[in-house]
Each structure stands twice: as structure tokens, then as C-alpha cells.
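Here the structure is laid out as C-alpha cells; the discussion comes afterwards.
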Amino acid sequence: MNALVEFEAGKLADLFDEGDSLNIHMFMDMMKMPYDVQDKLFFEISSLESLDRSKIEMIIESHGHSILNERLGY
């Protein structure tokens with residue numbers, strides 16, 4: 001994962017831990033996430049048994065706009 005996704009995952013984990021849904025959506029707005037993607041992210045992160053940052057990173061990446069996986073290794 002890149003540093004930006006790691007930062008976003010950490011921040012979202014903290015906000016979900018606090019249970020602050022308004023700030024979660026405001027942070028997703030700052031991430032430039034479309035509203036429909038915000039709802040998907042919110043639902044998927046909320047359904048995690050534990051707020052594992054690596055799982056949140058994977059969820060963010062799965063809804064990202066990049067068509068290339070960053071772990072291609074070239």
C-alpha cells in the first residue's frame with residue numbers, strides 16, 4: 001500500500017473507533033470519495049469484526065480509481 005492509503009486507513013480506523021459518523025463522512029469527502037463509494041466503504045468497514053488497518057487499506061484500495069495494483073513489482 002502507498003503511504004496515503006495507509007494514512008487514510010489509520011484515520012478511518014480512529015474515527016470508526018470513536019463512532020463519529022459525521023466526521024467519518026467529512027473525512028471521506030476530503031478523500032474525494034463519491035457519495036455512493038462512501039456508503040459502500042462505511043458499510044464494509046462497519047461490518048469488520050475488528051478495525052484492522054490492513055483490512056481497511058484493502059477495502060479502500062478495492063474502491064479506488066486505480067486500475068493497476070501497486071504490488072505489481074516493476
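- Under the 4.5 Å side-chain criterion, counting only non-hydrogen atoms from C-beta, L12 is in contact with M28.
- Put simply, I45 and M30 are part of the same group of oily side chains (I, L, V, M, F, W, Y) that touch within less than 4.5 Å, one to the next.
- Taking both residues in full, the closest heavy atoms of L4 and N2 are given as N-OD1, 3.0 Å, listed atom of the first, atom of the second, then distance.
- No hydrogens or angles considered: nothing links the side chains of S50 and D52 as a donor-acceptor pair under 3.5 Å.
- Contact record, A13 with L51: O-CD1, 3.5 Å, taken as the closest heavy-atom pair.
- Using a 4.5 Å heavy-atom cutoff, the side chains of I60 and E44 are not in contact.
- Legend: residues meeting side chain to side chain contact (heavy atoms under 4.5 Å, CB included) with D29, ordered by chain and number and at least two apart, are Y35, Q38.
- E57 places none of its side-chain heavy atoms less than 4.5 Å from the side chain of E8.
- In this structure, the side chain to side chain contact (heavy atoms under 4.5 Å, CB included) partners of S46, at least two apart in sequence or on a different chain, are F16, F42.
- The cluster map of Ile, Leu, Val, Met, Phe, Trp and Tyr, joined by side-chain heavy atoms under 4.5 Å apart, puts M31 and M26 in different clusters.
- Residue K11 holds its NZ atom at 13.0 Å from CD1 of I56, rounded to the nearest 0.5 Å.
- The CG atom of D14 sits 10.5 Å away from atom CD1 of I24, with the distance rounded to the nearest 0.5 Å.
- Taking 4.5 Å as the limit, every side-chain heavy atom of E6 sits out of range of all side-chain heavy atoms of R53.
- Between N23 atom CG and F27 atom CZ the span is 10.5 Å, to the nearest 0.5 Å.
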